[in-house]
Novice: 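Next up is a structure, given as structure tokens.
Here the structure is a predicted model, which means the values were calculated and not measured. Keep in mind that the numbers below use all heavy atoms, side chains included, and drop hydrogens, waters and symmetry copies. Order of the sequence lines sets the chain letters (A, B, ...), proteins ahead of strands, with each chain counted from 1.
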Amino acid sequence: MSENKHNPSNFIERIIDEHNESGRFNKVVHTRFPPEPNGYLHIGHAKAICISFGIAQKYGGKTNLRFDDTNPVTEDTEFVEAIQKDVKWLGFDWEDRLFFASDYFDQFYENALKLIREGKAYVDHSSAETMDVEKRAGKNSVYRERSVEENLDWFEKMKSGELADGTCVLRAKIDMNADNWILRDPVLYRIKKATHHRTGDDWCIYPMYDFAHGYSDSIEGITHSLCSLEFEVHRPLYDWLIDAVEIHHPQQIEFSRLNVNYTITSKRKLKELIAIGAVNGWDDPRMPTLSGMRRRGYTPASIRNFIEKAGTSRREQIIDLSMLEYCVREDLNASTARVMAVLDPLKVVLTNYPEDQTEIMTAINNPGDESMGTREMPFSRELFIERGDFMEDPPKKFFRLGPGRMVRLKNGYIIQCDDFVKDEGTGEITELHCTYFPESRSGADTSGLKVKGTIHWVSCKDALDAEVRIYDRLFTDENPTGHKEIDYKEFINPDSLKVITAKVEPSLGNAEIGTQVQFMRKGYYCVDLDSTPDHLVFNLTATLRDSYAKKNK
RNA sequence: UGUCUGGUAGUCUAAUGGUAGGAUGCCUUCCUUUGAAGCAGGCGGCACAGGUUCGAUCCCUGUCCAGACAACCA
């Protein structure tokens, strides 16, 4: 087996192949996923996770989980835990390599001292406004030429806590005229008298992202630091800082972020949606967060597959929501049991069926997978069918019920509609009167009847009520944040959640939280964590494709 | 405004100096006790203009378009 003979599937693998050929990292591939614990992970993060863990896996390397916790005022252990749960759930394992940037505060501090001693960093007392003005003007700060001793002294004062927040900052001394503004003497450390979720009150100075990130990568022996495109302009600084203290130098490689149309993946905006009550929290099934998607019924495999299909490139990608739905359907089609649930019930009376009779019908759980077995369903004189499966005056191509028309009740009998009852006030159909054909029982059909349509049903007296939460996209616009004049909140879909009471087959009575099923002819649903034995709650994961509805649009 | 990065079907993504493959989408056929799934077929693409070349989607130049960045956030 030739170990280095594989086809790179994207540009990152090509780069790694080159490194392996040149021996730059001794053929080691060690990546990391570095979330900031200030929010929940979303589908965009899933791409970063899948890429970093996936590439390491492919090359026999390792991946660290590292929390980039350098800003105590926004970070919290709640998020540290939620993030770990989500990464694990997605299917990745960092083994014993759980790290925190805050683990390295001492080393960061030493690096800062080294920079100061070498004249590569200075303490600046300019106000943020002044620094901003000077940055734009390409003008050096008046504090730029302080002596090493003076800088060391001030930095010590910053650290000791005797200076108030904002008094001064430590800046790298690079080039105030650099084309890349990131290099215009970036801030390295700031004073923040805040309690850190891990280091408590040990520190009152905290490093900035650029400072902490590269050094963390270096300390951990990361070889390939994979991140999204917006950090590309930071790479020169990443390189500069590492070179300045002469330590292990990982290669930063950027890829484009993943966007999905009709959704947003900005942590700030997701927080806002929660704050204004547009959704019910981070794990609201409408949220593109991993916790929301999990609750919605998305499987880890479906998300991984989605990321895989989306690919890895440097082009800005806005992927169709339909691709995501395709991926869950693909997964759930194979794994879920088919059950019957009538979402919008219409009563059917089988006039020739014995009043008190109940038959037990056997239903196949998954026609594509015999090993999933069968279950039993009670059949009786009064049934509920889907209101949409009857039309008073149906067109020819309507393969369901109408006056005089026949359908097969799945796992039941063929029935014919003889009559219907209509509320003359509202015009609503309230009941159907049908006859059934005793010889047409499923699995033992000797009737010789041929019907085009098959519909689902439940027995009235045996059916269970269930709350069903029907979700739709959270936004009505493909690109809610893409309009300069219109706030994204204007596009919130008022119908993103509809709650109905459905009639479901009795076998669902003891379904556990998280159970996933296919409501036959309707869609994939899962038992929500609000569900109890007395009050079943289902979430819509994704509807089935509906070519009939599509054709009739 | 500046810097950077991109531009291959509606969307995503490959390969290639000899006009392009896959996925999804869309449209059909067949099949079907889910109008699902499945099977089969079809539709649909190299941003534009020059240049180099026998030949350019690919190399070069320019244009246009798009996105990201320009925090004491990450």
Novice: From the list B:G67, B:A36, B:A74, which nucleotide is the closest neighbour of the side chain of A:Asn71?
Specialist: B:A74
Novice: Cut-off 3.5 Å, side chains only: do A:Asp68 and A:Tyr209 have a donor facing an acceptor?
Specialist: no
Novice: Is it the case that the side chains of A:Glu36 and A:Thr74 hold a donor-acceptor pair, with the cut-off being a distance below 3.5 Å and no angle test?
Specialist: yes
Novice: Name the closest nucleotide to the A:Met208 side chain, picking from B:U5, B:C72, B:U11.
Specialist: B:C72
Novice: Please give, in whole Å, the distance from B:G10 C1' to A:Ile319 CD1?
Specialist: 14 Å
Novice: Quickly work out the A:His213 NE2 to B:A71 P distance and round it to whole Å.
Specialist: 19 Å
Novice: Between B:A36, B:U33, B:C73, which one does the side chain of A:Ser547 approach most closely?
Specialist: B:A36
Novice: In terms of side-chain heavy atoms of A:Trp181, which of B:A70, B:G35, B:A71 is nearest?
Specialist: B:A70
Novice: Starting from C1' on B:C73, measure out to CZ on A:Phe211 and report it in whole angstrom.
Specialist: 17 Å
Novice: Can you tell me the pairing partner of B:U19 across any strand shown, Watson-Crick or G-U wobble, with both distances under 3.5 angstrom?
Specialist: none
Novice: Who is the Watson-Crick or G-U wobble partner of B:C64, with both distances under 3.5 Å?
Specialist: B:G7
Novice: Could you work out which one of B:A37, B:C73, B:A23 sits closest to the side chain of A:Met323?
Specialist: B:A23
Novice: Between A:Ser313 and A:Thr454, which has a closest nucleotide on RNA chain B that is more 5'?
Specialist: A:Ser313
Novice: For A:Arg268 and B:A74, what is the distance between atoms CZ and P respectively, to the nearest whole Å?
Specialist: 17 Å
Novice: The side chain of A:Gln317 is closest to which nucleotide in this list: B:A37, B:U32, B:C12?
Specialist: B:C12
Novice: Using the ring of A:Tyr548 (Phe, Tyr or Trp, six-membered ring only), decide whether A:Arg400 places NZ or CZ under 6.0 Å from its centre and within 45 degrees of its axis.
Specialist: yes
Novice: Need the pair for B:G55. Rule: Watson-Crick or G-U wobble, both distances under 3.5 Å, any strand; none if unpaired.
Specialist: none
Novice: In this structure, how many angstroms lie between the C1' atom of B:U5 and the CD1 atom of A:Ile253, rounded?
Specialist: 16 Å
Novice: Out of B:C69, B:G35, B:C73, which nucleotide sits closest to the side chain of A:Glu230?
Specialist: B:C69
Novice: Whole Å only: how far is the CZ atom of A:Phe255 from the P atom of B:G6?
Specialist: 15 Å
Novice: If we call it a pair only when both distances are under 3.5 Å in a Watson-Crick or G-U wobble match, what pairs with B:C26?
Specialist: B:G42
Novice: In terms of heavy-atom contacts, does CG of A:Leu321 have more than 12 from other residues, nucleotides or ligands at under 6.0 Å?
Specialist: yes
Novice: Is there side-chain contact between A:Tyr143 and A:Cys168, with heavy atoms separated by less than 4.5 Å?
Specialist: no
Novice: Is A:Thr74 touching bases, backbone alone, or none of the nucleic acid, heavy atoms closer than 4.0 Å?
Specialist: nothing
Novice: Rounded off to whole Å, could you give me the NE2-to-P distance for the A:His196 and B:A74 pair?
Specialist: 10 Å
Novice: Separation of A:Lys551 atom NZ from B:A36 atom C1', in whole Å?
Specialist: 14 Å
Novice: Within the 4.0 Å heavy-atom criterion, would you say A:Ile318 contacts the bases, only the backbone, or no part of the nucleic acid?
Specialist: sugar-phosphate
Novice: Considering only side-chain heavy atoms of A:Glu75, which listed nucleotide, B:A74, B:A14, B:U32, is closest?
Specialist: B:A74
Novice: Examine the side chains of A:Asn479 and A:Asn261 and answer whether a donor and an acceptor come within less than 3.5 Å of each other.
Specialist: no
Novice: Students often get this wrong, so: under 4.0 angstrom with heavy atoms, is A:Ser256 touching a base, only sugar-phosphate, or nothing?
Specialist: nothing
